Amino acid sequence: MTLPTGAPPGSRSGSAAVAVLDPTAIPKYVTDLVIPPAMPKNTSRGNLDTYVIGVRQFSQQVLPPTLPSTTVWGYGSLMHPETFHYPSYTIEARYGRPVRTTWVNDLVDRAASCRTC
């Protein structure tokens, strides 16, 4: 069994080879930190703000632009697909105003369906 360079000792080679980056070769502190914006509300009725937030797997550029994108799990509004990001958007709440959040597991079996294939 042949392991990719940099594979941790004791790891096993799976059916699909995964490229492992040498951490010492990744340039440090070249990409600005993300300041997550506010998650858009689903509705605001009366004295209640509601959110419907899902978790999905997607590909995002986390490392410097010259390196490959990274597969991540992140959260976003199901009503606003562009909000799926890592780190995820933030929920802003006001003192004394209730918030109702519905969490949706939107992780799918790759064999059943694939959003980013």
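This one's a predicted model, so the numbers in the text were calculated from it and none came from an experiment.
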Next item on the list: Could you walk me through whether S59 and T71 pass the side-chain hydrogen bond (donor to acceptor under 3.5 Å, both in side chains) test, one step at a time?
Entry: CA-CA 4 Å; S59 184; T71 299; 5.1 Å; no
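- Considering Y75, F84, Y89 in turn, Y75 is the only one that fulfils the side-chain contact (heavy atoms from CB on, under 4.5 Å) rule with I53.
- Atom CZ of R100 has 12 or fewer neighbouring heavy atoms from other residues, nucleotides or ligands inside a 6.0 Å radius.
- Partners of W103 under the side chain to side chain donor-acceptor pair (under 3.5 Å) rule, at least two apart in sequence or in another chain, do not exist in this structure.
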Listing, residues 35-48 side-chain donor-acceptor contacts under 3.5 Å, not counting sequence neighbours, or none:
from, atom 1, to, atom 2, distance (Å)
T43, OG1, T50, OG1, 2.5
S44, OG, D49, OD1, 2.8

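- Rounding to the nearest 0.5 angstrom, the gap separating the OH atom in Y51 from the NE2 atom in H80 is 10.5 Å.
- When every heavy atom of W73 is checked against every heavy atom of F58, the shortest pair comes out as C-CE2, 4.4 Å.
- The cluster map of Ile, Leu, Val, Met, Phe, Trp and Tyr, joined by side-chain heavy atoms under 4.5 Å apart, puts I91 and V55 in the same cluster.
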Return all side-chain donor-acceptor pairs below 3.5 angstrom for residues 18-32, not counting sequence neighbours, or 'none' if the list is empty.
from, atom 1, to, atom 2, distance (Å)
D22, OD1, T24, N, 3.1
D22, OD1, T24, OG1, 2.8
D22, OD2, T24, OG1, 3.0
K28, NZ, P23, O, 2.7
K28, NZ, I26, O, 2.9

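- One N or O on the side chain of H85 and one on the backbone of P87 form a donor-acceptor pair closer than 3.5 Å.
- For L107 against N105, the heavy-atom pair with the smallest separation is N-OD1, 2.9 Å.
- No side-chain donor-acceptor contact under 3.5 Å links S77 and T83.
- Connection of Y86 to L78 is established within a shared hydrophobic cluster, with ILVMFWY side chains joined at heavy-atom distances below 4.5 Å, either directly or through further cluster members.
- Judged purely by atom type and a 3.5 angstrom limit, Q61 uses its side chain to pair as donor or acceptor with the backbone of L63.
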